[in-house]
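We name chains A, B, ... by the order of the sequence lines, and we start the count at 1 in each one.
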Number of protein chains: 4
Amino acid sequence: MTDWSVRNGEDVERMSDNSKISTRKKILVAAEEVFSEYGFHKSLVDAIAAKAGLGKGTIYRYFENKEVLFKSLMDENVEALVSIVQSESGKCDGAVEKLKVNIESYIKFFKQHKRLFVILLFEEEGIGCKDHNECWEKRMGHTVLLEECIKEGSELGVFKKLDSGFLSYSILGVIHYNVIKWMRSNDEYDILDELPAIYDFIFNGIKIG
Amino acid sequence: MTDWSVRNGEDVERMSDNSKISTRKKILVAAEEVFSEYGFHKSLVDAIAAKAGLGKGTIYRYFENKEVLFKSLMDENVEALVSIVQSESGKCDGAVEKLKVNIESYIKFFKQHKRLFVILLFEEEGIGCKDHNECWEKRMGHTVLLEECIKEGSELGVFKKLDSGFLSYSILGVIHYNVIKWMRSNDEYDILDELPAIYDFIFNGIKIG
Amino acid sequence: MTDWSVRNGEDVERMSDNSKISTRKKILVAAEEVFSEYGFHKSLVDAIAAKAGLGKGTIYRYFENKEVLFKSLMDENVEALVSIVQSESGKCDGAVEKLKVNIESYIKFFKQHKRLFVILLFEEEGIGCKDHNECWEKRMGHTVLLEECIKEGSELGVFKKLDSGFLSYSILGVIHYNVIKWMRSNDEYDILDELPAIYDFIFNGIKIG
Amino acid sequence: MTDWSVRNGEDVERMSDNSKISTRKKILVAAEEVFSEYGFHKSLVDAIAAKAGLGKGTIYRYFENKEVLFKSLMDENVEALVSIVQSESGKCDGAVEKLKVNIESYIKFFKQHKRLFVILLFEEEGIGCKDHNECWEKRMGHTVLLEECIKEGSELGVFKKLDSGFLSYSILGVIHYNVIKWMRSNDEYDILDELPAIYDFIFNGIKIG
DNA sequence: GATGAATGAGTCTTCATTCAT
DNA sequence: TATGAATGAAGACTCATTCAT
């Protein structure tokens, strides 16, 4: 297997000039659209090829098979998410502020990639992943970013001293379910408007006093 | 088609007398095992029939098709969940206490049905559900129970006056992600031990003071 | 994999009553026709199914895949060949007579199965056979029958004391190439008429005196 | 299309100067290696191009398609075989001696080209050859050399007066099957050591007296 | 001339569903 | 009523061949 599938990020820069977008990128873009709409199993390789304006065989030049394409898409999305969150939270100080920015970045990313993340997080379960834990680790790799924030805050006495694994999962749960709720509403409201409520829920809980 | 349902606990009681368990029940039990292990798409009707100790054709006597079987299983599980949560939370007083019991019931149910709920909540997305909203309503029907609790608490001035939809989704997110975390650990700990932390997170948030 | 593919030979007896022929047998008969005409690679599973008057899926109920079908066909033909040769040569005495009957049986078999044996002997080479030697052993298993004959003759002082492996391959070469020659002629002559010449070639060679 | 052929020995002489080997020759050499190892159907044009150190498109500059490449390779090998046998048998006198040299030349050629000849002789069957007879004629064209030898011997009263077609096929059978036997042994012995036995088999047969 | 990315016709294989027994 | 052999539509994947550079 040649390593056509390993490319650098330059091609993103020129997306305005359609002819300059690398074939690999075209496929990933089409794959995201199709997988997002139909989920893994109902997505046809033909449909992805058609949407990418490429022949079916071309898909297979770049990705061993449908599953590898799916996982590559997921991997690269997670990587993108992580790198966005990292760079954003790097820009600010203070545990609370950092966590806020962190959450905001997550939500912005999910807002942009809409349904993809549901598939990202759950559908892969159904796809035979030889090492299930490894898979999950990759998908959930981004929780470390939350964990780091939280640890920092705990050490500074801003956050409670709770298991950071517990907290990052709990916070992620809040984030994801609010994204799901928003998705279900068909853009009736802007999920970013929910941020204050989300922060309040996470920081102070629901009880009065 | 007869309508013996999962809730109808009678047939469970006589499981020692194998011949008394209704065929429909046998199929649903087998289906839960198989769907839980492989997910919807990788589950074979043959496997379900084999596990149920029945002929494949029999499955189709009781359920129109694989999808209907899957949805029936889900419907009945959700119904069972709702009825359990309802009866448990009916036993106690006070908004806080009620919400706690509510959450505990959820977690106990998920603990028992393990992987099924992941499929329940997310895989269905991949299955063509003509009316997507209707589908979701059914699956998420149980959020009303949370909503009721919360509304009651809000009115009594125990909980903040926030949108109950927002709160129920947020709480559900916390619950589900903690279940996922627990599932991933391969029973290294008892998820029920996490309850105090979960309550504290939901009621008071993570911030000190 | 269930073992539908293991059946006994009874179904052969009733081939006149078409409806009594087992599905497995029907597939093998169709496969022989198609493989004989087109060779392994150009034969379509669809064509075999159509010729057998069965659905394509049925082929796969009985044989794991096209290759297994091909190999099963070959195995069973070799088995049939061996058993015919054995029973025929068992009926007569004397090394020379036995060898003659042996050769005659081979040729009759090849006459009946025409092109199949070319495929049997050579095309399989092209099909990935994990243990190549094992494959060959199976295909050429029948040479032992010749070897036995020859050894007996050598011990009785009728045949020269030459390596029996060498002799059986040489004799088989004579047989097969005469079959090929006959096949090429499109039934212009009866290959059985060549038997005297073949015997003379093998027993006495081509030199005068 | 130029017509540098394998026979044209000039380019072989300068193999040390890699750049002097014609592209066509490079392709044929690579094709022989690949076809010999995998057979026609499992050989990939990519693999041949890679082995030849050329681009895939270049293959198609020199050969219309894979099949033509295969046939050209075979044609040129047969031509080479014929020319070697002819020149060798031209060097000696006497029907017996000539036939011996003939056989020796064959075996030497096959020894050098190992597995290729199996493919040469049989796999082509599987390739749609519009005029099957024409194909065979070309492949088996070399039998005329044996036929000539035999006819000469028959007329001189050295060999029996049998159909020369019958004899050449029979002798070829002996030769080929001994080559196969040798090939199967993985060079455990030198096939040229078998020559005396082969001569004896062909000239005198297996019977004593 | 040489190249190799792109192509899509061609096939195998799967598995939910049916229906004769 | 229960069965499971038969089915065939559907879809993943391959690879010889083309053609723009």
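Put simply, the side chain of D:Lys56 never gets that close to the backbone of D:Ala47: no donor and acceptor are under 3.5 Å apart. Between the side chain of C:Ser43 and the main chain of C:Gly39, a donor-acceptor pair closer than 3.5 Å is present.
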- If a protein heavy atom is under 4.0 Å from the base, mark B; if only from the sugar-phosphate, S; if neither, -; do that for nucleotides 8-13 of chain F going 5' to 3'. BBBSSB

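A 4.5 Å side-chain heavy-atom check between B:Tyr38 and B:Leu44 finds every atom pair outside the cut-off. Using a 4.5 Å heavy-atom threshold, the side chains of C:Val34 and C:Phe40 count as separate.
Atom pair A:Lys26:NZ and E:dA5:P shows a separation of 14 Å (rounding to whole Å applied). As a whole-Å value, the separation of D:Phe63 CZ from F:dA16 P is 16 Å. The separation between A:Ile59 atom CD1 and E:dA5 atom C1' is 13 Å, rounded to whole Å. Summarising the geometry, the separation between CD1 on A:Ile48 and C1' on E:dG8 is reported as 16 Å, rounded to the nearest angstrom.
Within the 4.0 Å cut-off from OP1 or OP2 of F:dA6, at least one side-chain nitrogen or oxygen of C:Thr23 is found. Put simply, D:Tyr62 has a side-chain N or O that comes within less than 4.0 Å of OP1 or OP2 on E:dA2.
In the set F:dA6, F:dT3, E:dG1, the nucleotide with an atom closest to the side chain of B:Arg61 is F:dT3.
With a 3.5 Å ceiling on both atom-pair distances, the Watson-Crick or G-U wobble partner of E:dA20 is F:dT3.
To the nearest 0.5 Å, the span separating CG on B:Leu73 from CD1 on B:Ile48 amounts to 8.5 Å.
A salt bridge between C:Arg24 and C:Glu76 is present, with a side-chain N of the basic residue lying under 4.0 Å from a carboxylate O of the acidic one.
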